[in-house]
Number of protein chains: 2
Amino acid sequence: MTSTPIPAPGGREPGLADLADLLHLDQQICFSLHAASRAFGGVYRVLLKDVGLTYPQYLVMLVLWEHGELPVKKVGEHLRLDSGTLSPLLKRLEAAGYVRRERSAADERSVTVRPTEEGLALRERAREVPLRIGAATGFDLDEIRDLRARLDRLTRALDRAARDGAALGPV
Amino acid sequence: MTSTPIPAPGGREPGLADLADLLHLDQQICFSLHAASRAFGGVYRVLLKDVGLTYPQYLVMLVLWEHGELPVKKVGEHLRLDSGTLSPLLKRLEAAGYVRRERSAADERSVTVRPTEEGLALRERAREVPLRIGAATGFDLDEIRDLRARLDRLTRALDRAARDGAALGPV
DNA sequence: CACAATTAAGTTGTGCACAATCAAATGGCC
DNA sequence: GGCCATTTGATTGTGCACAACTTAATTGTG
């Protein structure tokens with residue numbers, strides 16, 4: 001199939017001004033996202049310093065607090081991270097005493113990650129983090145919900161595009 | 001000042017359900033952003049592979065294509081990156097032949113980054129990237145604009161919170 | 001049972017992000 | 001001029017993200 005640069009959902013043909021705009025907006029939407037993600041990282045870094053976790057480690061602990069005990073594979077599915085990222089991260093969490101990793105008896109390929117007592121206790125110390133993050137955003141609940149929905153839709157579209165590469169092929 | 005966990009802009013007192021919700025939404029908004037940012041990275045990785053740039057390198061080249069020649073400091077201001085990130089990145093771009101770095105004669109502390117002919121030629125090869133990214137998002141121009149505005153507002157709020165730490169202090 | 005294909009983790013290598021630190025150059029101020 | 005704070009990059013160290021590869025265990029199939 002040949003290129004349809006932007007399949008305008010409204011069915012409207014983009015004019016020249018829109019196209020010129022897009023060449024900038026492209027830069028800006030990805031950059032805005034990148035910047036927002038790093039800004040979040042900065043706030044989490046401050047908040048989690050006392051707790052003793054990095055932001056990705058915090059995400060892993062959130063998953064474990066909720067599910068209690070999971071194979072590495074499942075943790076990766078929840079967070080969309082692969083073993084190349086999780087293996088060293090989990091080792092650091094284990095070295096810090098927050099989780100234990102054990103080979104599954106049922107399936108020797110699988111490694112089960114389980115929060116320790118200390119890891120569970122960490123939940124208390126991180127209890128206030130969500131509210132402070134919420135306050136730092138300056139967004140109210142509805143705005144957060146709405147933004148989250150848009151981002152998730154965006155992620156699904158991007159994942160789809162990257163997977164089947166349909167929109168990415170030669171123009 | 002004491003804590004006002006979420007200063008609801010609507011003036012509405014958040015109920016218990018909202019608060020419980022927030023403890024999850026917090027996780028979800030930061031995670032959604034994180035995921036969207038990485039999803040973008042994946043699409044850019046595919047698109048830029050042929051061009052021979054990583055996504056952050058592409059951002060630097062965008063800045064240089066637009067401004068022609070800048071001190072490292074200015075590049076960092078445009079992208080919110082510090083020298084610890086830019087120095088090795090720029091060295092890789094120089095090794096690839098896309099930029100040249102020269103000490104400024106006027107101020108020996110400053111290093112000027114200038115795209116080479118090859119670096120400028122790269123612009124042609126990256127010309128279609130924005131449209132393909134736009135197509136991959138599945139968003140139309142208005143949606144992109146709107147999302148960008150929200151993200152920028154979020155980034156400003158988070159930066160402010162991280163800087164003066166007002167919202168981050170002990171509750 | 002034997003053997004190929006698949007799956008789960010781990011390992012290695014590259015690159016980005018950022019804190020902390022350092023060195024050199026500059027500019028203001030007495 | 002001499003001194004000190006500031007500015008600008010570079011360097012070092014830690015950690016995340018991901019591609020490519022390896023190893024070991026499991027599953028499927030003839």
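Per chain, numbering begins at 1; letters A, B, ... match sequence-line order.
Distance B:Leu90 CG to D:dG9 P: 10 Å, rounded to the nearest Å. The distance from atom CD of B:Glu94 to atom C1' of D:dA10 is 14 Å, rounded to the nearest whole Å. The CG-P distance, from B:Asp159 to C:dC18, rounds to 10 Å in whole Å. One can place OH of B:Tyr44 at 16 Å from P of D:dC18, the figure rounded to the nearest angstrom. Protein atom CG of B:Leu86 is 9 Å distant from nucleotide atom P of D:dG9, rounded to whole Å. Nucleotide C:dC18 holds its P atom 14 Å from the OH atom of A:Tyr55, rounded to whole Å. Counting to the nearest Å, the P atom of D:dC18 and the CZ atom of B:Phe40 are 15 Å from each other.
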Taking only N/O atoms, report every protein-nucleotides 19-23 of chain D pair under 3.5 Å with atom names and distance.
{"residue": "D:dA19", "atom": "OP1", "partner": "B:Arg45", "partner atom": "NH1", "Å": "3.4"}

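Annotation: side-chain hydrogen bond (donor to acceptor under 3.5 Å, both in side chains) contacts of B:Arg109 (sequence neighbours excluded): B:Asp107. Every residue two or more places apart in sequence or in another chain was checked for a side-chain hydrogen bond (donor to acceptor under 3.5 Å, both in side chains) with A:Arg125, and none qualifies.
Near DNA chain D, defined here as any heavy-atom distance below 4.0 Å, the residues from residues 66-80 of chain B are B:Pro71, B:Val72, B:Lys73, listed numerically. The stretch residues 101-113 of chain B touches DNA chain C through B:Ala106, B:Asp107, B:Glu108, B:Arg109, each having a heavy atom within less than 4.0 Å of the strand.
Counting only heavy atoms from C-beta on, A:Arg38 has its side chain closest to C:dC18 among C:dC18, C:dT11, D:dA17.
In this structure, A:Leu48 CG and A:Arg132 CZ are separated by 11.0 Å, a value rounded to the nearest 0.5 Å. Taken from CG in A:Leu147 to CZ in A:Phe139, the straight-line distance is 6.0 Å, to the nearest 0.5 Å.
A close approach under 4.0 Å does occur between a side-chain nitrogen or oxygen of B:Lys91 and OP1 or OP2 of D:dT11.
Among all heavy-atom pairs drawn from B:Ala162 and A:Val43, the shortest one is CB-CG2, 4.0 Å. A:Val129 and A:Leu47 get closest at one heavy-atom pair: O-CD1, 4.0 Å. A pairwise comparison of heavy atoms in A:Val113 and A:Val72 identifies CG2-CG2, 3.6 Å as the closest pair.
With B:Phe31 as the partner, the side chain to side chain contact (heavy atoms under 4.5 Å, CB included) test is satisfied by one option alone out of A:Leu151, A:Val63, A:Leu79: A:Leu79.
Counting heavy-atom neighbours within 6.0 Å of B:Arg150 CZ, excluding the residue itself, gives a total above 12. For A:Arg80, the CZ atom sits in a loose shell: 12 or fewer heavy atoms of surrounding residues, nucleotides or ligands are nearer than 6.0 Å.
Pairs of residues two or more places apart, or lying in two chains, that qualify as side chain to side chain donor-acceptor pair (under 3.5 Å) and include a residue from residues 35-52 of chain A are A:Tyr44-B:Asp26.
Using a 4.0 Å heavy-atom criterion, one finds that A:Leu89 contacts the sugar-phosphate atoms exclusively.
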